[in-house]
Amino acid sequence: MDDTEKIISEAETEAQEAKSSRALYEAKMKFLGRAGKVTALLRGMKDIAAEHRPAFGKKVNELRERLEELFASHEEKVKARELAEKLQSEQIDVTMPGRKEEKGALHPITRTRQELIEIFAGMGFEVFEGPEIESEYYNFTALNTPADHPARDMQDTFYLSDGFLLRTQTSAGQIRLMEKKKPPIKMLSPGRVFRSDDDATHSPMFHQMEGLVVDRGVTLCDLKGMLDEFAQVMFSGEKTRLRPSYFPFTEPSVEVDVSCFACGGKGCSLCKGTGWIEVLGAGMVNRHVLENCGVDPDLYSGFAFGMGIERIAMLKYGIDHIRLFTENDVRFLEQFKN
Ligand code: PHE
């Protein structure tokens with residue numbers, strides 16, 4: 001029992017060295033735990049002569065009480081320090097500037113498609129979407145382009161098996177719609193199309209916007225008027241001109257140019273000195289196409305147009321390579337925020 005003071009001073013040293021409440025608890029257990037020194041002393045009681053036991057027991061109890069006090073006072077200090085540290089580290093500085101959430105933006109293709117839809121929706125067009133995997137019938141045959149027709153070579157087609165292909169043009173949607181709906185028709189059909197073609201302005205996948213109007217007495221003049229409205233809104237005040245062209249599904253067929261918005265028609269590098277920029281193909285729906293869809297060409301007439309959405313976006317935003325649309329470079333995409 002001469003050890004009492006030694007044990008107390010050992011406990012004091014260990015308690016002082018314990019920097020956390022967990023370490024302090026472990027130190028306390030070395031003395032007061034089940035396998036601790038005090039318990040060991042009590043266990044040794046049986047080896048002590050009976051007459052000395054009460055005195056021994058008393059001393060051990062005193063020792064235990066002193067140890068308990070000792071650890072309790074350390075516990076208080078450690079807890080107070082830990083709380084202070086916690087409060088310090090979890091402090092919120094309400095004057096700190098906030099973290100900025102970056103806002104996303106619509107992809108330029110999405111944005112251009114929406115703009116186009118808005119323009120034509122304002123003229124009463126409804127959106128109709130056809131499938132990307134098409135049959136040869138809808139993509140070509142019904143559009144007055146049978147298998148042996150040389151115009152099939154105008155588009156480098158990705159063929160699938162069993163008469164199916166990746167549609168090369170949204171014109172396939174004209175047929176699908178006319179099979180379902182009788183005139184009057186005012187359809188706008190946006191979508192992805194596919195052609196084996198790859199350079200700065202062509203990509204194997206791109207987007208088109210198809211337009212189709214069928215009713216009694218529709219003329220090329222109506223087409224011109226609507227395209228002028230489109231050029232006016234899309235290219236801020238420009239006008240259009242029609243040049244003769246050829247598509248198997250329209251007769252007559254035209255290429256549509258927009259007056260050059262870069263030079264106002266005087267001639268510049270964008271319009272290659274002509275004052276005009278080609279933007280789309282169009283024409284009066286070929287009577288064979290109407291017949292193929294069960295529409296009487298003697299009662300009804302119509303016009304159709306098809307434009308590349310990438311082409312419109314490239315012109316409008318001055319984009320010089322079509323691949324920029326699919327590379328997902330944030331530096332490019334960020335420029336379309338507003
Ligand atoms: N489908 C044609 C193309 O992809 C464009 C077009 C559509 C032409 C409608 C005339 C009428 O080139």
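These numbers were taken from a predicted model, which means no experiment stands behind them. Starting from 1, each residue takes its place in the sequence as its number. One-based numbering, in listed order, for ligands and for the atoms of each.
- Only the backbone of Phe305 comes within 4.0 Å of ligand 1, counting heavy atoms alone; no side-chain atom from C-beta on gets that close.
- For atom 4 (O) of ligand 1, the nearest non-hydrogen atom from the set Met284, Met307, Arg195 comes from Arg195.
- Phe325 places a side-chain heavy atom less than 4.5 Å from the side chain of Phe332.
- If you take CZ on Arg323 and NE2 on His202, they are separated by 14.0 Å, rounding to the nearest 0.5 Å.
- When hydrogens are left out, the protein atom nearest atom 9 (C) of ligand 1 is Glu210 OE2, 3.3 Å; that is the closest non-hydrogen contact.
- At under 3.5 Å, not a single nitrogen or oxygen of Gln174, backbone or side chain, sits near a nitrogen or oxygen of ligand 1.
- The side chain of Ser171, and not its backbone, has at least one atom closer than 4.0 Å to an atom of ligand 1 (non-hydrogen atoms only; side chain from C-beta on).
- Residue contact check: Phe249 has heavy atoms under 4.0 Å from atoms 1 (N), 2 (C), 6 (C), 7 (C), 8 (C), 9 (C), 10 (C), 11 (C) of ligand 1.
- Across Ala304, Gly308, Gly281, heavy-atom proximity to atom 8 (C) of ligand 1 is greatest for Gly281.
- Within 6.0 Å of the NZ atom in Lys272, the count of heavy atoms belonging to other residues, nucleotides or ligands does not exceed 12.
- Distances between N or O atoms of Gln169 and those of ligand 1 include at least one value under 3.5 Å.
- Salt bridge annotation for Glu132-Arg192: present, with a cationic side-chain nitrogen under 4.0 angstrom from a carboxylate oxygen.
- Side-chain contact, Gln208 with Gln169: no donor N or O sits under 3.5 Å from an acceptor N or O.
- Residues satisfying the salt bridge (Lys or Arg N to Asp or Glu O under 4.0 Å) test with Glu129, not counting sequence neighbours, are none.
- For Phe303, the heavy-atom gap to ligand 1 stays at 4.0 angstrom or more.
- With respect to Glu14 and Lys28, no salt bridge is recorded, no charged nitrogen being found less than 4.0 Å from a carboxylate O.
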